[in-house]
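When a residue number appears, it is its place in the shown sequence, counting from 1.
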Amino acid sequence: RRSIASLSVFQGSFTRQAAAFAADALLPMLLTLLNKSWLQRAQSESASRRVLLDPGAQGERYQIHELLRQYANEKLQSDPAAFQQAKNSHLRYYASFLSQQAQLMRGPQQKEAFQALEMEFENIRAAWGWGIDRADFDTLIMKMLPALYLYCEARTRTEELLSLVEPAQKELEKIPEEGSNGSLIAILLTVRAAFFGDLYPVRFEAYGLVIRGEIDALRQAWSRMGDLAILVPSGFWGILL
């Protein structure tokens with residue numbers, strides 16, 4: 001009961017590694033739930049090939065029927081402490097996952113990293129929403145946003161990226177600005193400024209067409225981060241700005 005309730009925080013399918021980290025549900029428990037029809041196998045074609053070639057492969061994915069998931073999630077929410085623990089673990093797992101993918105996206109495993117992020121996008125969206133709810137903006141912006149930006153920019157999923165960035169900025173601006181808050185807001189503004197009005201990335205501009213972008217966001221970002229002493233430690237975001 002505890003396992004299926006904790007697993008209800010996942011959106012769509014999930015790997016055994018994610019289940020172990022976020023719900024403390026190890027393989028024997030997953031197989032038990034599978035045998036009792038609380039779980040179903042949900043494999044991608046590529047994952048299926050890996051499992052066939054190597055029975056020990058980690059590519060197998062699981063999912064809960066949506067009606068069962070909603071029922072289990074109601075049970076989970078009836079215990080606020082268990083619900084918060086499960087959601088926090090879910091957020092920590094996907095923050096770590098995205099940090100790893102951000103590194104892989106810059107190397108020879110780029111294709112695999114993009115595919116992995118594609119499979120987990122709905123879970124990432126759910127984890128991001130919880131991060132906003134608990135005001136964990138350091139995790140969202142420093143650990144999750146780099147990979148999300150690279151993925152959404154390359155796959156032209158700008159609207160989905162901005163649908164995550166804009167509510168995060170709105171909530172972050174409600175907090176009295178102190179410490180790193182100004183830099184975090186500047187990063188979110190930089191992301192918004194990195195796209196034209198037609199949502200195509202500025203750095204992918206084609207044919208010399210000039211389309212008005214988020215000029216106001218750009219100016220605000222520069223007013224907060226447009227100093228060499230701030231730009232350099234900002235790394236990728238400083239370069240983008």
Side-chain angles (χ1 to χ4, degrees), residues 9-14 18 21-22 73 84 86-106 110 113-175 177 180-204 213-218 220-221 224-225 234-241:
V9 299
F10 288 101
Q11 302 291 319
S13 63
F14 51 87
F21 187 99
N73 196 251
Q84 185 169 7
K87 292 291 284 184
N88 287 344
S89 296
H90 184 265
L91 173 59
R92 288 198 305 272
Y93 177 81
Y94 283 102
S96 175
F97 169 81
L98 283 171
S99 293
Q100 295 170 2
Q101 302 314 307
Q103 297 300 317
L104 294 175
M105 284 176 176
R106 296 179 171 89
Q110 183 184 71
F114 272 74
Q115 289 174 341
L117 207 150
E118 173 76 28
M119 296 285 287
E120 299 289 2
F121 199 86
E122 291 309 312
N123 276 306
I124 292 165
R125 194 199 305 274
W128 183 278
W130 179 251
I132 293 177
D133 289 344
R134 65 193 301 261
D136 191 354
F137 296 107
D138 277 315
T139 294
L140 296 182
I141 297 169
M142 305 311 294
K143 294 184 178 180
M144 299 177 71
L145 188 57
L148 270 173
Y149 176 83
L150 292 171
Y151 171 80
C152 290
E153 184 199 49
R155 295 289 173 87
T156 60
R157 296 182 69 165
T158 308
E159 287 182 279
E160 290 169 284
L161 176 63
L162 295 181
S163 74
L164 300 175
V165 166
E166 288 168 359
Q169 180 188 337
K170 182 179 178 180
E171 292 303 313
L172 183 55
E173 287 175 339
K174 293 179 181 179
I175 302 172
E177 190 168 320
S180 63
N181 278 13
S183 295
L184 295 178
I185 293 172
I187 291 171
L188 296 177
L189 288 166
T190 299
V191 171
R192 287 180 48 197
F195 299 94
F196 285 120
D198 63 357
L199 303 181
Y200 281 98
V202 169
R203 70 188 184 99
F204 288 179
E214 283 267 16
I215 302 300
D216 290 340
L218 177 60
Q220 291 179 53
R224 294 171 182 269
M225 204 160 66
S234 300
F236 171 76
W237 301 117
I239 293 168
L240 182 62
L241 178 59

**Student:** If you round to the nearest 0.5 Å, how far is CG of Leu172 from CG of Leu184?
**Tutor:**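 Output value for this atom pair is 6.0 Å.
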**Student:** Which residues satisfy the side chain to side chain donor-acceptor pair (under 3.5 Å) test with Arg125, sequence neighbours excluded?
**Tutor:**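 Glu122, Glu160.
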**Student:** Among residues at least two apart in sequence or on other chains, which ones pass ring-ring contact (aromatic ring centres under 6.0 Å, His included) with Phe10?
**Tutor:** Phe14, His90
**Student:** Using the test salt bridge (charged side-chain N to carboxylate O under 4.0 Å, His left out), find all partners of Arg224 that sit at least two apart in sequence or belong to another chain.
**Tutor:**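 Residues passing salt bridge (charged side-chain N to carboxylate O under 4.0 Å, His left out) with Arg224: Glu177.
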**Student:** side-chain contact (heavy atoms from CB on, under 4.5 Å) between Cys152 and Phe121: does it pass, once the steps are laid out?
**Tutor:** CA-CA 10 Å; Cys152 290; Phe121 199 86; 4.0 Å; yes
**Student:** Quick check with a 6.0 Å cut-off and a 45 degree axis cone: is Arg106 positioned over the face of Phe236's six-membered ring?
**Tutor:** yes
**Student:** Sequence neighbours left out, what passes side chain to side chain donor-acceptor pair (under 3.5 Å) with Tyr94? Give chain and number order.
**Tutor:** Glu120, Asn123
**Student:** So, does Trp128 use its side chain to make a donor-acceptor pair with the main chain of Leu164 at under 3.5 Å?
**Tutor:**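 Yes; judged by distance alone, with no hydrogens or angles, the pair exists.
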**Student:** Search all heavy atoms of Ser89 against all heavy atoms of Ala22 and return the closest pair with its distance.
**Tutor:** CB-O, 3.5 Å
**Student:** Determine the minimum heavy-atom distance between Ala126 and Gln11, stating which atoms define it.
**Tutor:**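 Nearest pair, atom of Ala126 first, then Gln11: CB-CG, 3.7 Å.
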**Student:** Any side-chain to backbone donor/acceptor pair from Ser99 onto Ala95? Under 3.5 Å, distance only.
**Tutor:**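 A pair under 3.5 Å: yes.
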**Student:** For Glu171, which residues count as a side-chain contact (heavy atoms from CB on, under 4.5 Å) partner, sequence neighbours excluded?
**Tutor:** Ile132, Phe137, Lys174
**Student:** Restricting to side chain to side chain donor-acceptor pair (under 3.5 Å), what partner residues turn up for Thr139, sequence neighbours left out?
**Tutor:** Asp136
**Student:** Considering only heavy atoms from C-beta outward, does the side chain of Thr190 approach that of Leu218 to under 4.5 Å?
**Tutor:**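 A side-chain contact under 4.5 Å is absent here.
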**Student:** In chain order, what residues pass the side-chain contact (heavy atoms from CB on, under 4.5 Å) check against Glu166, with sequence neighbours excluded?
**Tutor:**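 Glu166: side-chain contact (heavy atoms from CB on, under 4.5 Å) contacts with Leu162, Arg192.
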**Student:** Between CG of Asp133 and CD of Gln84, what distance do you get to the nearest 0.5 Å?
**Tutor:**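 Result: 11.0 Å between the selected atoms.
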**Student:** If you take all heavy atoms of Ala154 and Phe114, which pair is closest and at what distance?
**Tutor:** CB-CE2, 3.6 Å
**Student:** Closest approach of Ala127 and Leu91, non-hydrogen atoms and distance?
**Tutor:**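 Heavy atoms only, the tightest pair is O-CD1, 3.4 Å.
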**Student:** Holding to side-chain contact (heavy atoms from CB on, under 4.5 Å), I want the full list of residues that pass it with Ala113, two or more places apart in sequence or in another chain.
**Tutor:**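 Testing Ala113 for side-chain contact (heavy atoms from CB on, under 4.5 Å), a comparison that skips the adjacent residues, returns Gln101, Leu104, Met105.
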**Student:** Between side-chain atoms of residues 140-151 and protein atoms elsewhere (two or more places apart, or another chain), which donor-acceptor pairs fall under 3.5 Å?
**Tutor:**
residue: Tyr149; atom: OH; partner: Glu153; partner atom: OE2; Å: 3.1
residue: Tyr151; atom: OH; partner: Glu118; partner atom: OE1; Å: 2.1
residue: Tyr151; atom: OH; partner: Arg157; partner atom: NH1; Å: 2.7

**Student:** Please list, chain by chain and in numerical order, all residues satisfying side-chain contact (heavy atoms from CB on, under 4.5 Å) with Glu173, sequence neighbours excluded.
**Tutor:**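 So Glu173 forms a side-chain contact (heavy atoms from CB on, under 4.5 Å) with Gln169, Ile185.
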